[in-house]
There are 2 protein chains.
Amino acid sequence: MVEYNDVLNQTFRALADPTRRAMLEDLRRGPKTIGALAEPFAISFAATSKHLGILEDARLIRREKQGRERLCHLEPGAMQEAKAWLEQHAAFWNSALEALETALNE
Amino acid sequence: MVEYNDVLNQTFRALADPTRRAMLEDLRRGPKTIGALAEPFAISFAATSKHLGILEDARLIRREKQGRERLCHLEPGAMQEAKAWLEQHAAFWNSALEALETALNE
DNA sequence: TTAATGCTCAACTTTTTGGTTGAATAAAAT
DNA sequence: ATTTTATTCAACCAAAAAGTTGAGCATTAA
């Protein structure tokens, strides 16, 4: 396997799982404990913890110890590179389609 | 595993692999045959064909039969949903940061 | 102090992924 | 007509991912 951009790899991989995306969406409503995040899913606590570990490795969230609980927060910034990658591709298409349009109008 | 958005799943999964991202980037320079796409990588023809199958399933490319070769083209549009997802998240952060800034300026 | 709660860790299983090789197919070149 | 070229297919393999269960560790509540 090629390995030249770990950040993009980790980000896209983290986002490829619907459970993890749902957790990120959940966290937009504010910080939550692991238990609260696990609740909507039919998976074990440990599985949830693993998903959050992947999100944390990808710097998409941060886990903060708070007494015996752990609060998860969204982490800004990590998504930027992935977003930039997609936008660059979209830009390619926009310009390609514009060129086509221009050509058709001639 | 939860399964409520196959399009996002497939797109992000397809983009999570660096070989596949490199192939997409390669295709921005114009359509290429499978052989040409395989060339920069130390993997077999069959492996390349599989990667392209995943990209095709995700509607990121299209394979067009052309004689005994197959030309691959980038496919616009499929990336939009993934891009929109990321932009929505980024927007969340922008507004959160703006709110913070406003609060600090008071 | 003991019991319960919130979470992680370690070991294990199953499924998916990314790769291989060799045979099959279809078109092009000889 | 035969061979070479371009690609796919099928069967397989190893490693990674996603899940499980049960033990272990802090912290809080009784």
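Chain letters run A, B, ... following the sequence lines, proteins first and then strands; every chain starts at 1. Since this is a predicted model, take the numbers as computed values, not measurements.
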Kindly determine whether B:R62 and B:E75 satisfy salt bridge (Lys or Arg N to Asp or Glu O under 4.0 Å), including the steps that lead there. CA-CA 6 Å; B:R62 171 171 49 89; B:E75 193 73 282; 3.6 Å; yes

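- Within residues 56-66 of chain A, the residues approached by DNA chain C to less than 4.0 Å at the level of any non-hydrogen atom are A:R63, in residue-number order.
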Could you walk me through whether B:W85 and A:K83 pass side-chain contact (heavy atoms from CB on, under 4.5 Å), step by step? CA-CA 9 Å; B:W85 195 94; A:K83 186 171 147 265; over 6 Å; no

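- Mapping A:R13 and A:G67 onto DNA chain D by nearest heavy atom places A:R13 at the nucleotide closer to the 5' end.
- In this pair, A:F12 and B:F12 present their aromatic rings tilted. The plane angle is within the 30 to 60° band.
- One interatomic measurement links the two molecules: CZ of A:R20 to C1' of D:dA17, which rounds to 8 Å at whole-angstrom precision.
- Taking atom CG on B:N9 and atom P on D:dA18, their separation rounds to 11 Å, with Å as the unit.
- Checking side-chain atoms of B:R20 against main-chain N and O of B:I54 turns up no donor-acceptor pair under 3.5 Å.
- When all heavy atoms of B:I61 and B:L52 are compared, the closest pair comes out as CD1-O, 3.6 Å.
- A donor-acceptor pair under 3.5 Å is absent between the side-chain atoms of A:S49 and the main chain of A:F45, judged by distance alone.
- If you take CD1 of B:I43 and C1' of C:dT17, they are 13 Å apart, rounded to a whole angstrom.
- A salt bridge links B:E56 with B:R63: at least one charged nitrogen is closer than 4.0 Å to a carboxylate oxygen.
- Below the 3.5 angstrom threshold, one finds a donor paired with an acceptor across the side chain of A:R68 and the base of C:dT5.
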Check the pair B:L15, B:L24 against side-chain contact (heavy atoms from CB on, under 4.5 Å), reporting the backbone distance first and the verdict last. CA-CA 9 Å; B:L15 295 177; B:L24 288 176; 3.6 Å; yes

Would B:E25 and B:R21 count as a salt bridge (Lys or Arg N to Asp or Glu O under 4.0 Å) if you check the C-alpha gap in whole Å, the side-chain angles of each, and the deciding distance to 0.1 Å? CA-CA 6 Å; B:E25 278 165 18; B:R21 282 200 311 275; 5.4 Å; no

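- Rounded to a whole Å, the CZ atom of A:R21 is 12 Å from the P atom of D:dA18.
- Distance A:E69 CD to D:dA29 P: 10 Å, rounded to the nearest Å.
- A:F41 has its CZ atom 10 Å from the P atom of D:dG19, to the nearest Å.
- Rounded to whole angstrom, the span from the CD atom of B:E39 across to the C1' atom of D:dA6 amounts to 15 Å.
- For residues 44-52 of chain B, proximity to DNA chain C is found at B:S44, B:A46, B:A47, B:K50, B:H51, defined as any non-hydrogen atom under 4.0 angstrom from a strand atom.
- If you measure from atom CG of B:D17 to atom C1' of D:dA15, you get 14 Å, rounded to the nearest angstrom.
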